[in-house]
Amino acid sequence: MRYRGGVGQWSWMFHRLTGVGVLIFLCLHIIDTFLIVLGPEHYNTVIGWYRYPLFRISEVGLFACVLYHALNGLRIILFEAWTSLVRWHRQMFYVQMALFAALMLPVTYLMLRPVFSR
Amino acid sequence: MAAPPALSSAYGRPKPIGGMDLWSWYFMRVSGLALLLLALGHLVIMHLINSVDVIDYDFVARRYVGWFWRGYDLLLLVLAMIHGLNGMRVIVDDYLHQPAQRRVAAWLLHGLGTILIVLGVVAVVTFRPPVTPVGVGQ
């Protein structure tokens, strides 16, 4: 599609990838939540799967996808509101990624702590 | 096809001139801002304040005693699904060019979307825990 290289292309591609990833999880999450209507046995069995280490790591990935998509979307809205900011689009992307990393570090620690402390 | 503005790769989709595309463009931005709070809030509540270790049937039963969290979850469910499916539609339109292919894709997205939104709404609205638990948790 609009492959022009550089930061713009990567941020745009990751916006799509994270969006599709979150949508796929959301569809599965609606189905697992629906089991609550069928009773505790079904719901607790399936929700229990989320406690396996592989799932916990995936949940960190999900958090990262939502956070990236949110920050990148916010940057897009800022550009559209103040078009002159586009001059600094590269710098703004680096600030966005620094913020993303700064938030993901404690999030990853808090979410994975139970895996290593047992 | 007209060339997109030179800066389009640095930021969002060019603003459409009118019609449904313009409504879709506005919806993505307004719902996106709402979802920024709703979806990140949901993740913080479920994975940082609580965790998958404490989430089970009883947890949901305590959380769904009142209507606040049901309302929160309904809003999150509907906005996220429409935002996500509309995003998929934009992606599909970029890669599928034959009208027949687009029709099939639109059918799939609408069908799957409708079924899942209905399932989600039914779960949030009709869930009745057998015994009302004591205390209201997050």
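Sequence lines set the chain letters: A, B, ... in the order given, protein chains first and strands last, and positions in each chain run from 1.
Here CH2 of A:Trp10 is found 4.5 Å from CE of A:Met13. Values are rounded to the nearest 0.5 Å.
Residues in residues 79-90 of chain B take part in these salt bridge (Lys or Arg N to Asp or Glu O under 4.0 Å) pairs, two or more places apart or across chains: B:Arg89-B:Asp93.
B:Asp94 has its side chain within reach of A:Arg16: a pair of non-hydrogen atoms, C-beta onward, lies under 4.5 Å apart. Residues B:Asp53 and A:Pro114 have side chains in contact (heavy-atom distance under 4.5 Å, counting atoms from C-beta outward). Contact annotation: the side chain of B:Leu85 approaches that of B:Met81 to within less than 4.5 Å [non-hydrogen atoms, C-beta and beyond]. Contact annotation: the side chain of B:Arg63 never approaches that of B:Arg70 to less than 4.5 Å [non-hydrogen atoms, C-beta and beyond].
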- Message: Let's go through A:Arg56 and A:Tyr50 carefully: what are the C-alpha distance in whole Å and the side-chain angles of both, what is the deciding distance for side-chain contact (heavy atoms from CB on, under 4.5 Å) to 0.1 Å, and is it a yes or a no?
- Response: CA-CA 6 Å; A:Arg56 285 175 189 267; A:Tyr50 284 107; over 6 Å; no

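Cluster membership for A:Tyr94 and A:Met97, using ILVMFWY side-chain heavy atoms within less than 4.5 angstrom, is shared. Note on B:Phe27: it does not cluster hydrophobically with B:Val90, by side-chain heavy-atom contacts below 4.5 Å among ILVMFWY residues. Under a hydrophobic clustering in which Ile, Leu, Val, Met, Phe, Trp and Tyr are joined whenever their side-chain heavy atoms come within less than 4.5 Å, directly or via other members, B:Val52 and B:Ile49 fall into the same cluster.
A donor-acceptor pair is defined here as one N or O able to donate and one able to accept, closer than 3.5 Å; no such pair exists between the side chain of A:Asn44 and the backbone of B:Asp56. A donor-acceptor pair is defined here as one N or O able to donate and one able to accept, closer than 3.5 Å; no such pair exists between the side chain of B:Ser24 and the backbone of B:Met20. Judged by distance alone, with hydrogens and angles left aside, the side-chain atoms of B:Arg128 form a donor-acceptor pair with the main-chain N or O of B:Val125 at under 3.5 Å.
Within residues 57-74 of chain A, the residues approaching chain B closer than 4.5 Å by heavy atoms are, in numerical order, A:Glu59, A:Leu62, A:Phe63, A:Val66, A:Leu67, A:His69, A:Ala70, A:Leu74. At a heavy-atom cut-off of under 4.5 Å, chain A is reached by B:Leu116, B:Leu119, B:Gly120, B:Val122, B:Ala123 from residues 116-123 of chain B, listed in order of number. For residues 29-42 of chain A, a heavy-atom distance under 4.5 Å to chain B picks out A:His29, A:Ile30, A:Ile31, A:Thr33, A:Phe34, A:Ile36, A:Val37, A:Gly39, A:Pro40, given by residue number.
Taking A:Val107, A:Leu110, A:Leu26, A:Leu78 one by one and counting their heavy-atom pairs under 4.5 Å with chain B, the maximum is reached by A:Leu26. Among B:Ile91, B:Leu36, B:Val124, the residue making the largest number of heavy-atom pairs under 4.5 Å with chain A is B:Ile91.
Taking the ring axis of B:Trp25 as reference, the NZ or CZ atom of B:Arg29 stays within 45° of it and closer than 6.0 Å to the ring centre.
Aromatic pair B:Phe59/B:Tyr64: ring centres not closer than 6.0 Å.
Only the side chain of B:Thr126 has a heavy atom closer than 4.5 Å to any heavy atom of chain A. Within the 4.5 angstrom heavy-atom criterion, atoms from both the backbone and the side chain of B:Leu43 approach chain A.
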